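See structure below.
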2 protein chains.
Amino acid sequence: MTELLESGPARGTAPSVRWSTDRCTIHQGDALAVLASLPSDSVDALITDPPYSSGGMVRGDRMGSTTGKYVTTGRAVADVPFAGDTRDQRAYGYWCALWLSEALRVVRPSGLAILFTDWRQLPTTTDALQAGGWVWRGIVPWVKPAGTYRPQAGRFAAQCEYVVWGSRGELPVRMGIDPTFSGFFHGRTPRDREHIAQKPLDVMLELIRIVPPGGTVLDLFMGSGTTGVAAVAEGRRFVGVEVVDHYAATAERRIRAAMGDAVPGPDGQTALLLDDGDPG
Amino acid sequence: MTELLESGPARGTAPSVRWSTDRCTIHQGDALAVLASLPSDSVDALITDPPYSSGGMVRGDRMGSTTGKYVTTGRAVADVPFAGDTRDQRAYGYWCALWLSEALRVVRPSGLAILFTDWRQLPTTTDALQAGGWVWRGIVPWVKPAGTYRPQAGRFAAQCEYVVWGSRGELPVRMGIDPTFSGFFHGRTPRDREHIAQKPLDVMLELIRIVPPGGTVLDLFMGSGTTGVAAVAEGRRFVGVEVVDHYAATAERRIRAAMGDAVPGPDGQTALLLDDGDPG
DNA sequence: CCTTGCGATGAATCCATAT
DNA sequence: GATATGGATTCATCGCAAG
């Protein structure tokens, strides 16, 4: 499992490492491949927002562009009858179970898995979590304010997304949950977002505080890197994975900025700084 | 399917009918048996709160009377246990699919199914809904105020229950949802409740308004009958089913009161009025 | 009438012990 | 060792009594 670590570049760095400091490591690559290179019991919590549909509910959707695919997800998914999408739903669940199973090894005993999902994928996500060996412990809704979701006339709007959480085995210790936690998350989807699924920083900050200070957070699907921004802002270590070069660069820039060592100036200058990792 | 109707008492009443007016019919009996006696396409929406069969990781935790299972402190909320709460997860899903499948026939095309569930049974409920032939269309959380659930130190509390909804086939028409609907329900569990799972009237009223005025609502697990109270209060017709005699009587009394024809006086007098139905 | 204090409550969950 | 059982635990809030 740790073979890649030993065969990597100098300093024991896996070949997927794009940027690394003592507080933050960013990998660019496939989640499953990078997971295989991570040592066991090295992380306190997996906090991640996997692609909800992993490419749409039907084969045709998967062939479209990413932009179009996700922009239309809300309505398109809701109109697909169950019978027709069984195969793809099963494939999504299988894929989730794969990386969840491997993440179970990387997270320490009693560590946490915290996953974002939408209503349509919620049952598949809880199944996959348990198939991956985790103990499913609950659901926390995330309520989006009006204007940040697509209302449907005369229907219940899909105004909520959901946080599914579980633990690696028993959970004898207290998590760092604020006693005044309201029971569900409120957060406005960022207006100037750099990723279609970018999460509100407020919500991520609340989640990050569950991990003990100085602990390590893993995000397998960074996107624009909000999880990492919240982690370093709250004094937690962060390990992030992103397969798309553009988003890996975006996440690195935003996390560097959060750590206070971003290079001021236009994007071009910042980009230079980002090129110390191998996108392969 | 409609054999029972024809073989019943005079006026074409099924033998399970306990009380009937033009606005409300209450059946006492098993949900599946009563469903078989109901005509096809006769109802606009199934709105019901089935026994959750939750409350334990192992099978034994679910067995035994519901009185002991759910009431662990102080006086019992209700000394009468309710039925159907002792299934393991597979059996629960199978059983739900059975009555959901039969209810699909009774509800008219484009009619709705609206089901309460808790976090643990949510995935099983959405599976059963679809297995029963319904198109699953969404989840609406019901957020309970602090003090009405059991918090756990340092953890996310199970502060929400969930409403799962779907339709019989396509849903071309608008449902009667208030455009200002907030996307999730807020409601305090009643303090002086007559059933351990009694729902807030406010929440039921919001749900009932989805059905067109004058339409018919079906509840297969009435309990204390809040669904019926809300239905008649909002000018909808109601068909209710409850297997436990005590709760059937409670529901009838509360719905009669909501219809404004309750007999004033002590419980003994009211009870006399209720005996015009055959508990068998 | 307002404040303080005390006891009761919750569709529960955990863990040590027994089988 | 796995499963079943029983008792302890959880805390913000509410109702009600007392001050």
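From a predicted model like this one, the values you see are computed outputs, not experimental measurements. Chain A is the first sequence line, chain B the second, and so forth, proteins listed ahead of strands; every chain is numbered from 1.
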A:I139 CD1 to C:dA11 P, in whole Å, measures 17 Å

So which protein N/O to nucleotides 13-17 of chain D N/O distances come out below 3.5 Å?
unit_1: D:dC14; atom_1: OP1; unit_2: B:R188; atom_2: NH2; d: 3.1

For A:W134, the ring-ring contact (aromatic ring centres under 6.0 Å, His included) test, sequence neighbours excluded, returns none

Separation of C:dA12 atom P from B:W119 atom CH2, nearest Å, is 12 Å

Separation of C:dA8 atom C1' from B:R193 atom CZ, nearest Å, is 13 Å

Sorted by chain and number, sequence neighbours left out, side chain to side chain contact (heavy atoms under 4.5 Å, CB included) with B:T148 holds for B:K144, B:P145, B:R188, B:T189

Atom CD1 of B:I196 and atom C1' of C:dT9 are separated, to the nearest Å, by 11 Å

Here DNA chain C, pairs taken as Watson-Crick or G-U under 3.5 Å and shown with ( ), [ ] when crossing and | when to another strand, reads .|||||||||.||||||||

N/O donor-acceptor pairs under 3.5 Å from side chains in residues 90-99 of chain B, not counting sequence neighbours:
unit_1: B:Y92; atom_1: OH; unit_2: B:P51; atom_2: O; d: 3.4

message: Test ring pair (Phe, Tyr, Trp, His ring centres under 6.0 Å) on B:W165 and A:W119; report intermediate values, then the result.
response: CA-CA 11 Å; B:W165 71 284; A:W119 68 270; 8.1 Å; no

Here the distance between atom C1' of C:dA12 and atom CD of B:Q121, to the nearest Å, is 14 Å

Among C:dA11, C:dC14, D:dC11, the one nearest any side-chain atom of B:E161 is C:dA11

Of C:dG10, C:dA11, C:dT13, the nucleotide closest to the side chain of B:R150 is C:dG10

Sorted by chain and residue number, the side chain to side chain donor-acceptor pair (under 3.5 Å) partners of B:E234 (sequence neighbours excluded) come out as B:R209

Nearest heavy-atom contact between B:S54 and B:D118 is OG-OD2, 2.7 Å

Applying side chain to side chain donor-acceptor pair (under 3.5 Å) to A:R168 and not counting sequence neighbours gives A:D41

Between OH of B:Y149 and C1' of C:dT13 the distance, given in whole Å, is 15 Å

In whole Å, measure the gap between the C1' atoms of C:dT9 and D:dT10 for me. 12 Å

Rounded to whole Å, the CD-C1' distance (A:E170 to C:dC15) equals 8 Å

Contacts of B:S224 meeting side chain to side chain donor-acceptor pair (under 3.5 Å) (sequence neighbours excluded), chain-then-number -> B:Q198, B:R254

Between A:P50 and A:F221, the two heavy atoms sitting closest are CA-CD1, 3.7 Å

| request: Determine the contact category for B:F116: base if any of its heavy atoms lies under 4.0 Å from a base atom, sugar-phosphate if only primed atoms, P, OP1 or OP2 are that close, otherwise nothing. | output: nothing

Among the nucleotides C:dC14, C:dC15, C:dA11, whichever has the atom closest to the side chain of B:R155 is C:dC14

Q.
Please determine whether any donor N or O and acceptor N or O are separated by less than 3.5 Å between the side chain of B:D118 and the base of C:dA12.
A. no

With sequence neighbours left out, the residues meeting side chain to side chain donor-acceptor pair (under 3.5 Å) with A:S167 are A:R137

Exercise. Counting only side-chain N and O atoms of A:R137, is one of them less than 4.0 Å from OP1 or OP2 of C:dA12?
Worked result: no

How is B:W142 classified with respect to the nucleic acid when contacts are heavy atoms under 4.0 Å: base, sugar-phosphate, or nothing?
-> nothing

Roughly how many Å apart are C:dC1 and D:dC16, using the C1' atom of each and rounding to a whole number? 16 Å

Rounded to whole Å, the CZ-C1' distance (B:F156 to C:dC14) equals 19 Å

